[in-house]
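Each remark here refers to the structure printed beneath this line.
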2 protein chains.
Amino acid sequence: MCCGLATTPVTSLDAARLAPMFKALGDPVRLQMASMIAARPELCVCELTPAFELSSGTISHHLKTLREAGLVECERRGTFVFYWINPEALQALSALLSVEA
Amino acid sequence: MCCGLATTPVTSLDAARLAPMFKALGDPVRLQMASMIAARPELCVCELTPAFELSSGTISHHLKTLREAGLVECERRGTFVFYWINPEALQALSALLSVEA
DNA sequence: CCACTGCTTTGATAAATGTCAAGATAGGCC
DNA sequence: GGCCTATCTTGACATTTATCAAAGCAGTGG
């Protein structure tokens, strides 16, 4: 890996683009959500909701944050909505953090 | 890499521990700061300050946020204060994001 | 068409955040 | 000791955020 945060400082432009993704992961609830979604090919909201002691409105709000950050995508199938992770987004962040080598 | 966000979902405990680090990187100013610090063995605040159009108080505040998240450490040497990155912290985050394999 | 379920949106509220100006500290130097 | 510079801390303010309750929308099935 050649271009981590440790080798070349990110430009203010890159920072503006990438910071929202980190920000989206910067809430414990959303980090856990993202993790649950990433651990499977896709995950139904109906499986996500009971994992947290939060109103469904709040769950939906957090999912929207993850979506708008580009970290996940979703699709409605019948009554249910399924979410999956966007691997490119994770990779972009991971590459940035690669300390060296 | 065996234990990324994509393989085993993080526990709520891990989420609580790691989210603040992501959160600290979730501001464009702080992300760029962290990047500048990581690009060198250490960096003087006096080099950091003129890179942003922000008051020195605000710079100091952001550095405190990075410090409290465990992402950087610092030491005073004479009049100047030097910051350096905490590689373990970056690695912890990077490992979590490793999409697979 | 009506009721029900799953999910999202809206409105409201308390708490957290980013910023600056101004004051406080610490160290170097006369 | 007294001044100057570098950094941090404090107080204030506007903005953003996390949350809930309630209302809205989309599909399913009677």
Side-chain angles (χ1 to χ4, degrees), chain A residues 10 12 15-37 40 42-85, chain B residues 10 12 15-37 40 42-85:
Chain A
V10 300
S12 76
R17 185 173 54 86
L18 295 166
M21 298 191 199
F22 283 117
K23 188 174 188 175
L25 294 178
D27 178 279
V29 171
R30 283 194 299 268
L31 183 55
Q32 218 181 334
M33 280 181 170
S35 161
M36 291 174 69
I37 294 170
R40 301 232 212 143
E42 61 184 20
L43 193 64
C44 178
V45 175
C46 65
E47 264 189 288
L48 207 47
T49 304
F52 301 90
E53 300 199 336
L54 292 172
S55 73
S56 69
T58 300
I59 299 287
S60 209
H61 164 70
H62 282 306
L63 286 170
K64 183 179 187 180
T65 302
L66 290 172
R67 239 185 300 134
E68 289 179 342
L71 290 167
V72 301
E73 291 171 56
C74 68
E75 184 184 49
R76 167 165 225 129
R77 285 211 279 284
T79 315
F80 300 96
V81 178
F82 294 85
Y83 278 76
W84 60 90
I85 205 79
Chain B
V10 300
S12 76
R17 185 173 55 84
L18 294 165
M21 298 191 199
F22 283 116
K23 187 174 190 175
L25 294 178
D27 178 277
V29 171
R30 283 194 299 268
L31 182 55
Q32 219 181 334
M33 280 181 171
S35 162
M36 292 175 69
I37 294 170
R40 301 233 212 140
E42 61 185 22
L43 192 66
C44 177
V45 174
C46 64
E47 264 188 288
L48 208 47
T49 304
F52 301 90
E53 299 198 338
L54 292 172
S55 72
S56 70
T58 300
I59 299 286
S60 210
H61 164 68
H62 282 307
L63 286 170
K64 183 179 186 180
T65 302
L66 289 173
R67 240 185 299 132
E68 288 179 343
L71 290 167
V72 301
E73 292 171 55
C74 69
E75 184 184 50
R76 170 165 224 126
R77 286 211 279 284
T79 315
F80 301 96
V81 178
F82 293 85
Y83 278 77
W84 60 91
I85 206 80

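Chain naming here is simple, since letters A, B, ... match the order of the sequence lines and numbering starts at 1 in each.
Within 4.0 Å of Tyr83(B), counting heavy atoms only, lie sugar-phosphate atoms of the nucleic acid but no base atom. Among the protein residues, Arg30(B) comes within range of the sugar-phosphate backbone only, with heavy atoms under 4.0 Å from sugar or phosphate atoms but none that close to a base. Within 4.0 Å (heavy atoms only), His61(A) reaches at least one base atom of the nucleic acid.
One interatomic measurement links the two molecules: CZ of Phe22(A) to C1' of dT17(D), which rounds to 20 Å at whole-angstrom precision. To the nearest angstrom, P of dA26(C) lies 16 Å from CD of Glu75(B). Here dT8(C) presents its P atom at 13 Å from CZ of Phe80(A), a figure rounded to the nearest Å. With rounding to whole Å, Arg76(B) atom CZ is found 17 Å from dA24(C) atom P. Spacing between atom NZ of Lys64(B) and atom P of dT25(C) amounts to 15 Å, rounded to whole angstrom units. Look at CG on Asp27(A): it is 11 Å from P on dT17(C), rounded to the nearest Å.
With hydrogens and angles disregarded, a donor-acceptor distance shorter than 3.5 Å links the side chain of Arg76(A) to the backbone of Gly78(A). With hydrogens and angles ignored, the 3.5 Å screen pairs a side-chain donor or acceptor of Arg30(B) with a backbone N or O of Ala24(B). The closest donor-acceptor contact from the side chain of Thr49(A) to the backbone of Val45(A) lies under 3.5 Å.
Evaluated for a side-chain contact (heavy atoms from CB on, under 4.5 Å) with Val29(B), the options Thr58(B), Thr65(B), Leu54(B) yield exactly one hit, Leu54(B).
Under 4.0 angstrom from either OP1 or OP2 of dT17(D) there lies no side-chain N or O belonging to His62(A).
A salt bridge is absent between Arg40(B) and Glu42(B); no separation between the charged side-chain nitrogens and carboxylate oxygens falls under 4.0 Å.
Distance from the side chain of Thr79(A) is smallest to dG6(C) among dG27(C), dT19(D), dG6(C). Side-chain proximity of Leu63(B) to the nucleotides dT5(D), dC8(D), dT17(C) is greatest for dC8(D). The side chain of Lys23(B) lies closest to dT17(C), out of dG6(C), dG18(C), dT17(C). Checked against dT28(D), dT17(C), dC20(D), the side chain of Thr58(A) finds its nearest nucleotide in dC20(D). Picking from dA6(D), dC8(D), dA18(D) the nucleotide with the shortest atom distance to the side chain of Val81(B) gives dC8(D).
Heavy atoms only, all atoms of each residue included: His62(A) and Asp27(A) are closest at CE1-OD1, 4.0 Å. Minimum heavy-atom separation, Pro50(A) to Cys46(A): CD-O, 3.1 Å.
Within residues 44-57 of chain B, the residues having any heavy atom under 4.0 Å from DNA chain D are, by residue number, Cys44(B), Val45(B), Cys46(B), Ser56(B), Gly57(B).
Heavy-atom nearest nucleotides on DNA chain C were determined for Ile59(A) and for Gly78(B), and the one closer to the 5' end corresponds to Ile59(A).
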